[in-house]
Amino acid sequence: MAQEALQRKKVHDSGEILDHLLNLDDQKRLIQTQVEQNQATLNARAKAIGTAVQQGQHEHAVELKSEVAQIKQENASLENRLHELQEAIQNQLLRLPNLPHASVPHGHGPAENEVVFLSDPSAESTHRELPHWEIAQQYKLIDFELGVKVTGAGFPVYLGAGARLQRALIQYFLDFNVAAGYTEIQPPILVNEDSGFGTGQLPDKEGQMYYVTEDRLYLAPTAEVPVTNLYRDRLLQENELPVLNTAYTPCFRREAGSYGKDVRGLNRLHQFDKVEIVQIVHPDHSYSVLEKMRDHVQSLVASLGMPFRILKLCGGDMGFASALTYDFEIWSAGQGRWLEISSVSNFESFQTNRLKLRFKDSQTGRTRLAHSLNGSALALPRVLAALLEFYTDSKGIKIPAVLQPYMQTDFIPKP
RNA sequence: GGUGAGAUGGGUGAGUGGCUGAAACCAACAGUUUGCUAAACUGUCGUACGGGAAACUGUACCGAGGGUUCGAAUCCCUCUCUCACCGCCA
């Protein structure tokens with residue numbers, strides 16, 4: 001069953017890996033039993049020596065000591081082997097992706113994703129003259145060249161109304177999330193190695209993250225990492241669930257090896273802004289919560305008034321840690337293509353297992369792993385791209401109604 | 001960067017070699033009692049892994065890793081982190 005599920009996530013040698021794991025586990029158990037039996041004997045002997053010495057039976061004590069020495073020696077090599085096996089199992093396990101939910105479509109890539117919502121059947125026939133990078137230049141909203149000078153490609157500089165538009169989007173998104181019950185968080189943007197493992201970026205995405213060698217810290221690729229890790233090593237009471245957090249952070253991605261028109265303008269950046277929502281919930285409710293998060297993001301995207309669609313990702317296109325993912329794509333009217341602006345996922349216990357994030361089940365009294373979910377609400381650059389393309393006409397840029405209070409205007413006239 | 005102190009269960013916090021998986025208190029849970037709430041009383045109450053159908057039982061864990069010892073939360077070494085004071089600084 002696990003093998004079939006793994007194959008859906010494009011783990012081709014899943015059979016081998018699982019056989020190997022099961023084999024390792026059998027060996028481990030066998031040796032663990034032996035080691036523990038020996039240790040039980042040692043513990044008993046230690047006690048016996050104690051009483052023997054107290055009662056002045058020194059010869060008996062000496063006898064016992066030599067016996068202990070022998071068992072210890074025997075156990076040393078067994079323990080070494082046990083540690084080796086445990087490490088091997090851990091390494092294998094860390095490299096195994098989360099299993100997809102039963103409803104996840106089969107498939108290898110974007111072509112097999114399932115469109116589950118389309119805001120407007122004629123979306124793809126919506127065309128505008130200019131791509132956003134030309135609008136941004138004309139209106140002096142973004143200067144890509146300046147960013148290259150200061151840092152490098154993929155680090156745009158937002159200017160004037162462009163900068164204000166960024167701030168308006170961030171604030172609107174945060175306010176929208178807070179109104180839905182999310183608590184706003186301002187987390188650190190640099191995270192340590194443990195946090196990277198906690199949410200599953202490590203070891204899977206080593207090399208995708210910027211790394212500060214001097215202090216051994218990673219630049220967060222998404223607020224998901226610091227915000228979810230807030231709850232690492234926590235044992236929550238059941239009544240503390242669900243946890244709803246939202247956070248705005250810049251996000252940093254190295255994204256090596258990408259080039260061409262797919263990455264022009266705001267399509268793909270090394271630094272970008274994103275407002276994230278994170279929930280930590282009772283495992284029995286995580287899928288109904290996922291649907292609620294999907295609805296929440298849907299109404300947020302819809303409020304911007306542009307064509308968009310929702311995809312249920314197929315196994316091959318899903319992330320390492322996810323069990324079920326909905327992607328939101330907005331129509332880029334100037335480029336004639338869909339752009340991903342949000343990804344909403346249920347990670348089930350994949351992250352919480354690594355995080356040791358548990359709660360006390362009030363019915364059974366047992367500790368159980370919570371489930372974690374997150375989603376973008378929303379990622380800025382492609383929203384801005386689509387917005388500029390969709391709302392610009394020969395006279396200027398119309399500001400969508402929901403952003404007008406933050407922009408303090410409804411229109412940016414053509415210069 | 002310098003100096004000093006520290007790291008124990010959900011929390012506070014005792015514990016300097018065997019009687020400590022760990023006192024006490026708080027929180028939590030179950031029950032008793034008073035009409036509800038509150039209070040009081042009684043009891044339960046760490047985690048992981050192994051064995052067992054289960055009752056239960058074995059092992060490990062007192063920041064992490066090593067060492068001394070028959071025996072380590074307790075002694076020694078290394079590392080990490082936290083706190084305080086000083087220096088520097090938005």
Side-chain angles (χ1 to χ4, degrees), chain A residues 21-94 96 186-198 202 211-218 226 229-243 250 280-283 349-370:
Chain A
L21 262 176
L22 288 175
N23 184 4
L24 286 177
D25 190 58
D26 281 347
Q27 288 184 52
K28 194 210 84 175
R29 278 184 218 212
L30 199 71
I31 292 178
Q32 183 172 347
T33 309
Q34 285 173 19
V35 166
E36 287 182 1
Q37 272 170 4
N38 281 341
Q39 273 165 341
T41 315
L42 288 175
N43 286 343
R45 294 293 178 276
K47 276 217 167 97
I49 290 168
T51 42
V53 168
Q54 264 171 14
Q55 295 172 354
Q57 303 170 327
H58 294 290
E59 279 173 38
H60 186 48
V62 170
E63 233 174 82
L64 286 170
K65 279 190 195 183
S66 71
E67 197 185 332
V68 163
Q70 210 180 354
I71 301 174
K72 273 179 95 171
Q73 205 176 9
E74 204 180 287
N75 229 18
S77 65
L78 281 177
E79 276 174 21
N80 275 339
R81 181 75 189 126
L82 183 63
H83 286 141
E84 277 170 27
L85 285 167
Q86 279 168 341
E87 206 168 306
I89 290 171
Q90 263 313 310
N91 280 336
Q92 291 287 322
L93 249 30
L94 277 178
L96 235 39
Q186 266 198 29
I189 296 163
L190 272 71
V191 298
N192 60 27
E193 192 181 30
D194 285 347
S195 294
F197 276 100
L202 294 174
Y211 184 56
V212 183
T213 48
E214 182 102 30
D215 298 291
R216 294 181 301 163
L217 296 172
Y218 294 86
N229 272 282
L230 256 26
Y231 300 89
R232 171 149 49 84
D233 290 322
R234 283 284 303 272
L235 178 55
L236 298 168
Q237 297 301 322
E238 189 171 334
N239 61 19
E240 294 180 80
L241 299 174
V243 171
I280 292 156
V281 305
H282 192 290
S349 61
F350 185 85
Q351 293 184 329
T352 53
N353 183 37
R354 285 149 206 255
L355 292 162
K356 296 199 182 68
L357 167 46
R358 299 149 305 161
F359 71 99
K360 274 253 191 258
D361 189 313
S362 59
Q363 295 204 327
T364 62
R366 304 292 305 165
T367 54
R368 294 176 66 186
L369 291 170

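We use all heavy atoms of the structure for the numbers below, so side chains are in, but hydrogens, waters and symmetry mates are not. Residue numbers start from 1 in every chain, and the chains themselves are labelled A, B, ... in the order their sequence lines are given, proteins ahead of strands.
Going from the P atom of B/rU32 to that of B/rU47 covers 26 Å, rounded to whole Å. Straight-line distance between the P atoms of B/rA22 and B/rA73: roughly 12 Å, to the nearest whole Å. Comparing the same atom, C1', in B/rC86 and in B/rG21 gives a spacing of 42 Å after rounding to whole Å. Using C1' as the reference atom, B/rG17 and B/rC76 are 14 Å apart when rounded to the nearest Å. A distance of about 35 Å separates the C1' atoms of B/rU69 and B/rG10, rounded to the whole Å. Taking the P atom of each, B/rG87 and B/rC77 are spaced 31 Å apart, rounded to whole Å. If you take atom P in B/rA14 and the same atom in B/rU8, they sit 11 Å apart, rounded to whole Å. As rounded to the nearest Å, B/rA40 and B/rU34 have C1' atoms that lie 10 Å from one another.
Distance CG (A/Asn192) to P (B/rC81): 9 Å, rounded to an integer number of Å. Separating the NZ atom of A/Lys356 from the C1' atom of B/rG10 is a distance of 17 Å, rounded to the nearest angstrom. Between the CG atom of A/Asp233 and the C1' atom of B/rG9 there is a distance of 14 Å, rounded to whole Å. To the nearest angstrom, P of B/rG10 lies 14 Å from CG of A/Leu357. In this structure, A/Glu59 atom CD and B/rC70 atom C1' are separated by 17 Å, rounded to whole Å. If you measure from atom CG of A/Leu78 to atom P of B/rG50, you get 18 Å, rounded to the nearest angstrom. With rounding to whole Å, A/Leu241 atom CG is found 14 Å from B/rG10 atom C1'. Atom OH in A/Tyr231 sits about 18 Å away from atom P in B/rG10, given to the nearest Å.
Position along RNA chain B of the nearest nucleotide to A/Lys28 versus A/Lys47 favours A/Lys47 as the more 5'-ward residue. Checking A/Leu235 against A/Gln37, the closest nucleotide of RNA chain B that is more toward the 5' end is the one next to A/Leu235.
Inter-residue side-chain proximity for A/Val191 and A/Asn229 is flagged as unmet; no heavy-atom pair is nearer than 4.5 Å. The side-chain heavy atoms of A/Leu78 and A/Asn75, taken from C-beta on, include a pair separated by under 4.5 Å.
A/Arg234 comes within 4.0 angstrom of nothing in the nucleic acid, heavy atoms only.
Comparing B/rC49, B/rU47, B/rA60 by their nearest atom to the side chain of A/Gln32 picks out B/rC49. Nearest nucleotide to the A/Ile49 side chain, out of B/rG50, B/rC70, B/rU80: B/rC70. Here the nucleotide nearest the side chain of A/Arg358, chosen from B/rU47, B/rU80, B/rU59, is B/rU47. When each of B/rC70, B/rU59, B/rG50 is scored by its nearest atom to the side-chain atoms of A/Arg29, the top-ranked nucleotide is B/rG50. Side-chain proximity of A/Thr367 to B/rC49, B/rU80, B/rA48: nearest is B/rA48.
Base pairing analysis places B/rU82 opposite B/rA5; the two distances defining the Watson-Crick or G-U wobble pair are each below 3.5 Å. Within the shown strands, nothing qualifies as a pairing partner of B/rG17 under the Watson-Crick or G-U definition with both distances less than 3.5 Å. Base pairing analysis places B/rC88 opposite nothing; no Watson-Crick or G-U wobble pair with both distances below 3.5 Å involves it. Remark: B/rG31 base-pairs with B/rC41; criterion is Watson-Crick or G-U wobble with both hydrogen-bond distances under 3.5 Å. Base pairing of B/rU12: its partner is B/rA24, meeting the Watson-Crick or G-U wobble criterion (both donor-acceptor distances under 3.5 Å). Here B/rG46 sits opposite B/rC61 as a Watson-Crick or G-U wobble pair (both hydrogen-bonding atom distances under 3.5 Å). Summarising the base pairing, B/rG71 is matched to no nucleotide, lacking a Watson-Crick or G-U wobble pair whose two defining distances lie under 3.5 Å. Of all nucleotides present, none satisfies the Watson-Crick or G-U wobble test against B/rA53 with each distance under 3.5 Å.
Taking side-chain N and O atoms only, A/Lys72 has a distance below 4.0 Å to OP1 or OP2 of B/rG71. The shortest distance between the side-chain N/O atoms of A/Arg45 and the OP1/OP2 oxygens of B/rG71 is not below 4.0 Å. Regarding contacts with the backbone of B/rU59, a side-chain N or O of A/Asn43 is found under 4.0 angstrom from either OP1 or OP2. Contact annotation: A/Asn239 does not reach the phosphate of B/rA28 (side-chain N/O to OP1 or OP2, under 4.0 Å).
Minimum heavy-atom separation, A/Ala61 to A/Val53: CB-CG2, 4.0 Å. Shortest non-hydrogen contact noted between A/Gly198 and A/Leu355 is O-CG, 3.5 Å.
A/Thr367 contributes atom OG1, which lies 9.0 Å from atom CZ of A/Phe359 (distance to the nearest 0.5 angstrom). The CZ atom of A/Arg81 lies 12.0 Å from the CD atom of A/Gln34; values are rounded to the nearest 0.5 Å.
Using modelled atom types and a 3.5 Å distance limit, the side chains of A/Asn192 and A/Ser195 yield a donor-acceptor pair.
Looking only at distances, no side-chain donor or acceptor of A/Thr352 sits under 3.5 Å from a matching main-chain atom of A/Leu369.
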